Amino acid sequence: MTDALRSVTIVGGGTAGWMAAVAFGRLLGPAGTRVTLIESDDIPTVGVGEATIPPIRTFHAMLGIDEDAFLRATGGSYKLGIRFEGWTRPGESYVHPFGQIGTDIAGVPFAAQWLRARHAGLAVPLGAYSLEARAAEAGRFSRPIANGDSPLSRIGYAYHFDAGRYAAFLRTQSEAYGVVRHEGLVKRVERGPAGIAAVHLADGSRISGDLFIDCSGFRALLIEGAMEAGWIDWSEWLPCDRAVAVPSVADAVPLPLTRAIAERAGWRWRIPLQHRTGNGHVFSSRHMSEDEATAMLLAGVEGETLADPRVIRFATGHRNRFWSGNCIALGLAAGFMEPLESTSIHLVQSGLQHLLRMLPVGRPAAATVERYNRIMTAEFSRIRDFLVAHYHLNARAEPFWRDRATAAIPEGLAEKLALFHAGGRIFREADELFNETSWLAVLTGQNAPVSGYDPICDGIPIETAANRLAQIERVVATSLTHMPSHAHALARLA
Amino acid sequence: MSQTVAILGANLCGWMAAAALARRLPRDRYSVVVIDDGTTGDGLGDFAPVIAVPPALGGFHADLGIEPTALVRATGGSHALGVAFGGWRKDGAAAFLSYGETGAPLQGIAFHQLAGRLRKDGIHVRLADYAVSAVAAQVGRFALEAPIAHALHLLVDPYTAVLRAAAMNFGASCTNAPFADAQIDASGIVETLKLADGTDIAPLLVLDCSGSSARIASRTAPAFEDWSAWLPCDRTYTQTLPATGAPPPYTQVDAQGSGWTATWPLGGADVRLTCAASGEGTPFRAGRRVEAWRGNCIAMGAAAGLIEPLHPTALTVLLRSLAQLIQLWPAERRAPVEAKAFNRFTANAMTGARDFVIAQKAAARGSNAIGDVRSEPVLPDAIEAKRTLFAARGRLPMFDDEPFEEEDWAAMFDAMGLVPRRYDARADALPLATIQQHFADHRARIIAQVRALPPYAHAMAELAAA
């Protein structure tokens, strides 16, 4: 191998494959790297979720994607957060909003002052201080408006979109950057000194590459089939192993939020798009049959369904090595966690971004590969801990939920809960995807136990803090009136 | 799907109702939604920026997880052990009505009957001397954790904020836009509430907490029973005067012509409310809505009825009405049987609260001045019965759902100078010395208890430092 990266071969053309293709095409195409994507129209893709989180905007900016064009092409809608319904007990709900909540009060983080005031009965639930949470439930949306210190200036948002259309949209973009799509089924993987030398297709063609990106989904043709990277199973922490999905007619007035509704042995999602609504039911097959889960999904769907329900079987966990030799797995080939916090697409993006910072010079150095694997393992683990928190902190009565409440939890989460219990403190790990605000929203939304509050708050009298909180709440309420409806924001795209 | 219980009035009355309902109703079946009615009042008559919160609300606050010390601190409030009445009695004596118990019965005989027995032998007895709250109030002592019944004086706005926080923490919510209009069908069912942003709400029930204007109840149940013949005061005004030093731990109410002026002391200021039959001030109309619950709309607070705030009965009646509503919770919009039971209860409760005020004023005027009643209206039967029987033998016939207890009535009549001519014959069964010993022991216990208390100023300083 010479120093230059001459060719990148991507196997699989789902969301992950085309995200990789457009990233490599745009960044390496001009340098003369040949980017090839192999996909077969005979293999259906599994859309890895249709809801996203705000970092996707960074990814799109990096790729020079126009937001309006993207939303038009993918039937997309805006998203300001996720509403968790019935996760503590039936009837209760809370929003995990994007963006920042409140502002520091007298140099002390908003979260600490809010927890103290709440302790004294002087604070309303967290959502009232978040413009994103209020707007999400009120069906309002606006992109950030430069307006000084107002929360309108820093609205945090992401999207819902049709994963199939997104792949098609990215394909068009990729092909403009010179990415070559090769239609065909992979028959055999040819090993070489660096790891993989080439893939052989059903039509007899042989496609080589310096770097192979495995986006072949759950089959993991290269990373497992050839490289035997190994699998770390997480079903102990997250026992749901099936999902059944069905599209239904679009809402007349779609809310800019994803709904996650707790069910007897799992949860349902509801994702509003412009042209349809995505519905799904994630469940544990040990607690519920596929037929029963499907019936519950259909009973919960509002409006007419547009297709037959489709069951997806999955295993929660990740590759022991995400990168092995010259092969890197992205998307479902790399690992899978249920889309409770809309992280699937983000994990593809995160893998790509780290990979682009560590592109090998010649044969991948062991240190580079190790570092990548360490980073991705940590990224997966922290998201896992965040998801487990949702399940662990519940007061529901069903056997599935009682099991979740009493089962052992990962060490990292146990530490987070212990720190929160002792004075309501939340610390973000380096590079952790979910920040203090997200943890605050979910921990308090799930009624995580907390004793007392951070003594640093006592620097100002509680009345002063309560007044500042009330002021933040008023600013949020006023700002809300400046936001047009989400339906209006979507109509503007047309 | 969950059903919506709409509360019209984002004020003290509305948020108290929201907190009570959100605490009790199953969250997966009902959503409690508060709608701003566009006014700035408290929904309880808008008399003053301060409200007296009677001891009966202690349990309600505890149920919501509101800690009393934190509440007083957060609302810039103070404590009241009772009410001192100045200039009410013809003989000029001051009188004190405490929020706690007065005396203790002996062998089943009421304390005021025992007092009658002592008075017959010429022994001077003042009932208030046997109430720990009254004695503590006189010497200005009180401790935050002392087990002595007391009311609170709270600023309305921060108190509303605390209840709002509690309600929202139990799952109640408020709409983003204020109320615009209601669609009411011919049978008085509120079909739809329209908000200013075009949102429609189809409620199971509407609680009209919009104050005297009763924006929906005035349309569904317009009939109003006027009480001005007995309660001629029809206007109030407030003044806030700076005050230094620690506030006294009680309310002062001075007679002023046909009305009165109450002084609610707070740390740093006295809030004075004057209630009069003419002159300056904001008008109000004493009376009650004949049907508080009609169709699916239930009037609460001042929308249901209003009397001058001589005693803090508005919150007591509201709380008890909410408890009744929860007991009678209907399955559908049309619930005539439940409505009838509820209306009987609220009529009794409000009339009972009214009668206490009328009786107090009548007792104050009538003491030692029998016969000078030419220009006075005939008192309602229930009051006449109580007054006559009390004057004869210290007996008090009690009626259903009255907000005041027998002992409150006895203390009030006694404070106003109405002394029974005779006492319960059973009191003669006890030796005079036994009764005297009982009185002396009770008084000694009270004095010991009060001595152990710190000055109220210390309690307030502790509160500020907490």
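So that the names make sense, note that chain A is the first sequence line, chain B the second, and so on, each numbered from 1. Computed over heavy atoms, backbone and side chain alike; hydrogens, waters and symmetry mates excluded. Since the structure is predicted, the reported quantities are computational estimates derived from the model, not experimental observations.
- Distance CG/D28(B) to OG/S93(A): 11.5 Å, rounded to 0.5 Å.
- Around the CD1 atom of I201(B), the shell of radius 6.0 Å holds more than 12 heavy atoms that belong to other residues, nucleotides or ligands.
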Report task. Apply the test side chain to side chain contact (heavy atoms under 4.5 Å, CB included) to residues R27(B) and R89(A): give CA-CA distance (whole Å), side-chain angles for both, the deciding distance (0.1 Å), then the verdict. Result -> CA-CA 9 Å; R27(B) 244 193 250 195; R89(A) 50 174 64 81; 5.9 Å; no
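- With a 4.5 angstrom heavy-atom cutoff, E92(A) touches chain B via backbone and side-chain atoms both.
- The choice from A138(A), A123(A), A117(A), G86(A) that makes the most heavy-atom pairs within less than 4.5 Å of chain B is A123(A).
- The stretch residues 163-182 of chain B places R164(B), A165(B), M168(B), N169(B), N176(B) near chain A, each with some heavy atom under 4.5 Å from a heavy atom of that chain.
- Heavy atoms closer than 4.5 Å to chain B are found in the side chain of R140(A), but not in its backbone.
- For A74(B) against L122(A), the heavy-atom pair with the smallest separation is CB-CD2, 3.1 Å.
- Contacts between A477(A) and chain B at a heavy-atom distance below 4.5 Å are absent for every atom of the residue.
- In terms of the side-chain contact (heavy atoms from CB on, under 4.5 Å) criterion, residue partners of A335(B) (sequence neighbours excluded) are, by chain and number, W293(B), P330(B), E338(B).
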